[in-house]
2 protein chains.
Amino acid sequence: MKDIKPRSACPLSYGLDFIGDKWSLLIIRDMALNNKSTYGEFLNSEEQIATNILADRLGMLEAYGFVTKQVAADKKSKFLYRLTEKGISLVPVIIEIGLWGSVYNPPGLNTQLLSALQQDKEGTIRRIQENLRRHE
Amino acid sequence: MKDIKPRSACPLSYGLDFIGDKWSLLIIRDMALNNKSTYGEFLNSEEQIATNILADRLGMLEAYGFVTKQVAADKKSKFLYRLTEKGISLVPVIIEIGLWGSVYNPPGLNTQLLSALQQDKEGTIRRIQENLRRHE
DNA sequence: AATTTCACTTGCGAATTGCAAGTGAACAAA
DNA sequence: TTTGTTCACTTGCAATTCGCAAGTGAAATT
């Protein structure tokens with residue numbers, strides 16, 4: 001994996017050095033909100049990521065500790081990707097971009113989740129993160 | 001400006017279609033948090049964006065209504081970029097990425113702002129946004 | 001033994017990025 | 001009035017990244 005060199009000390013810039021692209025956060029979304037965990041499941045997402053890009057991003061996310069990779073219990077050729085605490089801590093980021101998108105793009109966010117976030121943003125985010133920590 | 005076509009109905013994906021790159025949010029950061037407003041000021045930022053990329057991103061941000069462009073009062077060859085409401089509503093996004101970065105990258109965020117956010121995140125974000133609306 | 005599933009890898013053209021130099025209008029100084 | 005400077009870009013080109021399509025290889029299934 002080619003290494004990422006921070007462009008500045010700014011924490012926003014630092015974050016963008018890792019997740020400043022069109023795909024990384026979608027993979028994390030799939031793990032955080034859609035209960036997906038395998039290469040095949042990520043490939044099936046609506047946005048149609050290319051196979052090489054997916055492999056590249058999963059490699060980056062693993063190399064930098066956003067996710068872990070383990071062999072599946074049922075099949076030795078299948079791998080399960082799970083968010084680490086570092087990955088879980090990006091949940092507020094994907095939620096805020098999603099909330100922005102649900103305002104500026106009519107069709108939208110899972111209605112259930114959207115209304116939960118509107119009722120109690122902090123609590124909803126916390127509950128999502130706690131669920132992920134139970135790696136459920 | 002080449003047009004952006006949404007990859008899916010997902011609001012996160014929709015947001016990333018616009019701001020899913022390494023530069024757009026840094027420009028918005030400069031306007032939202034660093035009180036910058038001109039091409040020259042954006043160029044001087046620590047991350048050293050290339051002139052053509054900056055011009056391209058400013059064009060995109062203007063074309064899609066994140067910022068407005070007006071001639072400066074003092075010089076006719078100088079332009080002032082200002083965040084619109086659509087741009088201001090990205091403040092929570094840059095704050096969340098910044099908070100993430102300040103945890104996973106030691107040197108960091110403006111200490112003043114960081115501690116304000118730790119004390120009262122919602123209030124601090126709201127105050128930043130209100131200040132921007134007064135286009136101060 | 002043959003096929004299918006799963007997770008990738010490879011090759012290659014197209015698009016994007018990034019460096020360096022150039023352009024042109026407005027204003028300032030000589 | 002010419003000359004230089006500031007400001008905001010544009011242009012050309014090499015290098016990197018993206019994205020499509022096809023291929024590979026190990027493991028499981030038929």
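Throughout, protein chains are lettered first and strands after them, A, B, ... in sequence-line order, and every chain is numbered starting at 1.
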Does B:Tyr81 make a side-chain N or O approach to OP1 or OP2 of D:dC7 shorter than 4.0 Å? no
Could you walk me through whether B:Leu12 and A:Leu33 pass side chain to side chain contact (heavy atoms under 4.5 Å, CB included), step by step? CA-CA 11 Å; B:Leu12 174 66; A:Leu33 306 181; over 6 Å; no
For the pair made of [atom1] in [X] and [atom2] in [N], what is the distance, rounded to whole Å?
X: B:Glu47; N: C:dC19; atom1: CD; atom2: C1'; result: 18 Å
X: B:Leu54; N: D:dT10; atom1: CG; atom2: C1'; result: 13 Å
X: A:Lys22; N: C:dA15; atom1: NZ; atom2: P; result: 16 Å

A:Ser45 side chain to A:Glu47 backbone, donor-acceptor under 3.5 Å: no
Mind checking whether A:Leu83 and A:Leu80 sit in one hydrophobic cluster, side chains of I, L, V, M, F, W, Y counted as touching below 4.5 Å? no
ring-ring contact (aromatic ring centres under 6.0 Å, His included): pairs with one or both residues in residues 48-73 of chain B, sequence neighbours excluded: A:Trp100-B:Phe66, B:Phe18-B:Tyr64, B:Phe18-B:Phe66
Applying salt bridge (Lys or Arg N to Asp or Glu O under 4.0 Å) to B:Asp17 and not counting sequence neighbours gives B:Arg7
Contacts of B:Lys78 that satisfy salt bridge (Lys or Arg N to Asp or Glu O under 4.0 Å) - sequence neighbours left out: B:Asp74
Near-strand residues of residues 37-45 of chain A, defined as heavy-atom separation under 4.0 angstrom from DNA chain C: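 A:Thr38, A:Tyr39, A:Gly40 - these, ordered by number, are the residues of the stretch whose heavy atoms sit under 4.0 Å from the strand.
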Intermediate values then yes/no, side chain to side chain contact (heavy atoms under 4.5 Å, CB included), B:Tyr39 and B:Leu54: CA-CA 8 Å; B:Tyr39 182 92; B:Leu54 176 57; 3.7 Å; yes
Given B:Leu99 and B:Leu114, is the side chain to side chain contact (heavy atoms under 4.5 Å, CB included) satisfied, shown in steps? CA-CA 8 Å; B:Leu99 284 171; B:Leu114 180 56; 3.8 Å; yes
Close residues, residues 65-80 of chain A, relative to DNA chain D [heavy-atom separation under 4.0 Å]: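 Output list: A:Lys75, A:Lys76, A:Ser77.
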Which atom names give the shortest non-hydrogen contact between B:Pro92 and B:Ile125, and what distance separates them?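 Minimum heavy-atom separation between B:Pro92 and B:Ile125: CG-CG2, 4.0 Å.
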Step-by-step side chain to side chain contact (heavy atoms under 4.5 Å, CB included) determination, A:Arg127 to A:Asp120: CA-CA 11 Å; A:Arg127 278 186 287 279; A:Asp120 175 15; 3.6 Å; yes
Treat primed atoms plus P, OP1 and OP2 as sugar-phosphate and everything else as base, then score nucleotides 15-24 of chain D 5' to 3': B for base contact with protein heavy atoms under 4.0 Å, S for sugar-phosphate contact only, - for none. --SSBBBB--
